[in-house]
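Labels below follow one simple rule: chain letters A, B, ... track the order of the sequence lines, proteins then strands, and each chain is numbered from 1.
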There are 2 protein chains.
Amino acid sequence: MAERDADTQRRSNEPPAARPTIADVARLAGVSKGLVSFALNDRPGVSADSRERILSAAAELGWSPSVRARSLSSNRAFAIGLVIAREPGIVAADPFFPTFMAGVETELSGSGQTLVLATVTPGRQEADTYRSLALDKRVDGVILTDLRTGDERIALIDELGLAAVTLGRPDTDSPFPAVSIDDEAGVTATVDHLAQLGHRSIAHVAGPSSMLHAARRRRAFERAAGAHGIAPRVVETDFSATEGAAATRHLLGDPDDRPTAIVYSNDPMALAGLAVAQRAGLIVPRDLSITGFDNTDLAEHVYPSLTSVATDVAAWGAIAARVLLATIASEPVDNTDLPPARLVARESTSHSPHHP
Amino acid sequence: MAERDADTQRRSNEPPAARPTIADVARLAGVSKGLVSFALNDRPGVSADSRERILSAAAELGWSPSVRARSLSSNRAFAIGLVIAREPGIVAADPFFPTFMAGVETELSGSGQTLVLATVTPGRQEADTYRSLALDKRVDGVILTDLRTGDERIALIDELGLAAVTLGRPDTDSPFPAVSIDDEAGVTATVDHLAQLGHRSIAHVAGPSSMLHAARRRRAFERAAGAHGIAPRVVETDFSATEGAAATRHLLGDPDDRPTAIVYSNDPMALAGLAVAQRAGLIVPRDLSITGFDNTDLAEHVYPSLTSVATDVAAWGAIAARVLLATIASEPVDNTDLPPARLVARESTSHSPHHP
DNA sequence: CTGAAAGCGCTTACAG
DNA sequence: CTGAAAGCGCTTACAG
């Protein structure tokens with residue numbers, strides 16, 4: 001690890017060779033610039049002969065289109081945006097976004113499109129970010145994640161003239177296609193699984209009710225519990241490990257009225273809850289069953305390994321990007337439903353201690 | 001959650017009002033377009049009087065520059081890039097990137113610059129991504145993370161004519177400024193801490209030696225162990241929880257020659273190692289001390305809570321972005337060193353079982 | 001089917 | 001200090 005001299009830093013790099021333009025191609029092919037543009041964009045009205053000459057001229061020169069020039073004349077950005085509005089600590093603990101973005105990228109790479117990412121603190125900075133992305137036309141459309149109840153972003157983005165796709169269906173009227181994963185099925189399967197193991201006292205540690213997917217999971221929990229004749233107990237949190245731990249302490253506080261199973265709305269909270277239980281001297285799953293959501297990489301590597309609900313987040317990202325690109329290209333699109341979330345049973349769930 | 005009709009999807013959103021251009025401003029101020037450009041870019045050679053008229057005309061019209069037009073004429077992208085080349089599972093488990101990007105964003109927001117993100121599978125797709133970002137001038141510069149030994153990206157990016165900043169100093173000659181955090185200090189502090197607790201048999205679960213920061217931590221471990229007269233034992237992994245668990249099983253395999261402490265090169269591996277130890281019937285820290293690296297959010301929420309090494313990743317992102325923007329603006333920049341990593345001692349480390 | 005031209009909204013020499 | 005003009009590299013009516 002050698003220290004380099006400061007002046008080494010300033011060594012200027014070589015200017016890249018001048019790129020051929022459409023004018024060079026036109027000259028070589030002996031046609032006008034306009035015709036080159038038509039040929040290269042696969043538009044009708046170019047004779048097979050000319051097209052041939054143009055394409056081979058372009059190939060010979062190693063021509064590739066200038067995105068910025070196309071941007072200016074066609075008023076498109078050839079990019080899509082993702083604005084993440086979560087508290088830093090919460091987004092860091094949650095593997096959702098890296099996985100999701102990797103999925104988006106699989107669709108983008110090769111399409112010549114690019115992903116513009118903005119991380120903002122929730123609140124008005126978020127709206128300003130969408131505004132400036134639209135004002136500068138830095139993106140042609142956005143993927144809306146973490147949908148909220150009565151989400152004001154829907155109207156804002158429509159008003160800004162951006163295309164969009166939502167992850168899940170909003171609870172308000174929306175002009176945008178939705179790409180959804182039925183995570184309620186995962187919650188229901190979890191409660192069924194626990195009920196089958198004899199649990200009659202099951203609690204749910206929910207995410208914030210202002211977030212649609214958190215509310216949806218909670219309702220699914222309440223419905224499934226009700227179907228088994230179980231009185232649902234719910235504690236709401238902000239999805240952080242800290243509040244997940246606090247909720248667990250609260251639930252385990254009264255030894256005479258302690259749930260035998262806790263269904264957490266995400267994995268980080270479940271792991272924090274597991275630690276709280278162990279610290280309180282409980283043995284999981286003998287004394288308490290625990291389940292998570294999202295099937296984090298770590299879920300199978302903790303002790304006991306964590307029963308969780310798996311969704312294909314990367315596929316979600318890829319499909320969302322594909323639908324958004326189609327929308328931008330004015331192709332007809334419909335709401336899309338991905339395969340539902342499914343339960344992955346592991347060691348953290350077993351028979352209720354009160355089970356015969 | 002109402003299903004919407006398919007035809008509702010196609011409701012077109014309002015066309016945004018036509019934006020004022022520099023020509024409108026010139027007309028209102030009664031000057032030429034060129035002068036407007038000079039005034040708005042704070043360039044010398046505009047009379048105070050004209051500047052005044054131009055600025056108020058721009059304000060009155062609500063003018064803001066068209067990024068795409070500026071891009072085309074000035075050949076800049078007003079964007080910086082981040083290319084993440086890690087296996088999906090590993091990047092998802094590691095909170096580094098979300099935190100880092102949030103830090104980058106704090107510097108970017110308000111600067112009118114944008115972050116372009118690409119996630120690629122390691123290998124040639126990575127080089128192609130840098131090439132196309134440069135060819136299309138989608139970015140003016142890039143932040144190089146996860147530096148490797150003899151990193152070919154340095155030469156590639158220099159050749160492509162992009163600006164760059166590296167996270168940490170490369171082991172090859174580099175024309176780019178480096179923004180570094182001394183993580184060796186954190187490893188050294190960890191080993192000192194363990195030695196002070198009486199540990200004489202300490203192992204290290206390292207990341208891949210092809211990654212500079214993994215190699216650096218490993219060397220720091222070996223040096224610190226040597227300083228205490230301890231024979232260093234090292235197992236190399238790919239940084240994944242899976243291989244962290246396997247390395248731990250290997251280290252704990254021989255009961256007669258089992259380390260009393262294990263220093264992991266990241267937190268996910270430490271958490272997986274903790275589980276392996278517990279599964280083997282060991283009590284942490286009574287029978288085995290364990291430390292991580294990066295001080296993940298979860299570290300304080302597991303049981304026992306994890307001793308780890310903390311670095312200010314968000315600040316790293318902010319400074320890296322700032323240095324890169326300065327480089328792009330041709331301002332003089334030097335290598336920057338952030339405050340060193342520091343040990344956060346928690347419950348997972350205590351006296352060696354062999355300690356008197 | 002094809003050409004000549006205007007236009008996207010800026011920046012930047014070049015004259016004065 | 002200021003204006004008129006060319007240019008960045010495309011797309012897209014408008015004529016023929």
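Straight-line distance from the CG atom of A/Asp136 to the C1' atom of C/dC8: 16 Å, rounded to whole Å. The interatomic distance linking A/Phe78 (CZ) with C/dC8 (C1') rounds to 13 Å, in whole Å. The distance from atom CG of A/Asp49 to atom P of C/dT2 is 7 Å, rounded to the nearest whole Å. Between the C1' atom of C/dC1 and the CZ atom of A/Arg51 lies a distance of 11 Å, rounded to the nearest Å. Straight-line distance from the CZ atom of B/Arg27 to the P atom of C/dG9: 12 Å, rounded to whole Å. Nucleotide D/dG9 holds its P atom 13 Å from the CG atom of B/Leu135, rounded to whole Å. Straight-line distance from the CD1 atom of B/Ile22 to the P atom of C/dG7: 17 Å, rounded to whole Å. Spacing between atom CG of B/Leu61 and atom P of C/dC10 amounts to 12 Å, rounded to whole angstrom units.
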Report task. Determine, step by step, whether A/Ser174 and A/Arg169 satisfy the side chain to side chain donor-acceptor pair (under 3.5 Å) criterion, reporting the C-alpha distance in whole Å, the side-chain angles of both residues, the deciding distance to 0.1 Å, and the verdict. Result -> CA-CA 8 Å; A/Ser174 164; A/Arg169 295 179 172 73; over 6 Å; no
Report task. Run the numbers on B/Ser37 and B/Arg43 for side chain to side chain donor-acceptor pair (under 3.5 Å), then give the verdict. Result -> CA-CA 9 Å; B/Ser37 176; B/Arg43 309 234 302 213; over 6 Å; no
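Side-chain atoms of B/Ala69 lie closest to C/dC10 of the nucleotides C/dC10, D/dC10, C/dT2. Considering only the side chain of B/Ser73, C/dT11 comes nearest among C/dG3, D/dG9, C/dT11.
For A/Ser50 and C/dT2, the shortest distance from a side-chain N or O to OP1 or OP2 is below 4.0 Å. In terms of phosphate contacts, A/Ser74 brings no side-chain nitrogen or oxygen within less than 4.0 Å of OP1 or OP2 of C/dC8. Within the 4.0 Å cut-off from OP1 or OP2 of C/dT11, at least one side-chain nitrogen or oxygen of B/Arg70 is found.
With a 3.5 Å ceiling on both atom-pair distances, D/dA13 lacks any Watson-Crick or G-U wobble partner. With a 3.5 Å ceiling on both atom-pair distances, C/dA4 lacks any Watson-Crick or G-U wobble partner.
Nearest-nucleotide positions on DNA chain C place A/Gly30 closer to the 5' end than the other of B/Arg68 and A/Gly30.
In terms of modelled atom types and a separation under 3.5 Å, the side chain of A/Asp158 and the main chain of A/Ala155 share no donor-acceptor contact. Checking side-chain atoms of B/Arg138 against main-chain N and O of A/Gln113 turns up no donor-acceptor pair under 3.5 Å. Checking side-chain atoms of A/Arg68 against main-chain N and O of B/Arg70 turns up no donor-acceptor pair under 3.5 Å. At least one donor-acceptor pair under 3.5 Å links the side chain of A/Asp171 to the backbone N or O of A/Gly150.
Aromatic ring pairs are classed by plane angle as parallel below 30°, tilted from 30° to 60° and perpendicular above 60°; the pair A/Phe97 and A/Phe100 is perpendicular.
Near-neighbour residues of DNA chain D inside residues 32-43 of chain A, defined by a heavy atom below 4.0 Å, number-ordered: A/Lys33, A/Gly34, A/Ser37, A/Phe38, A/Asn41, A/Arg43.
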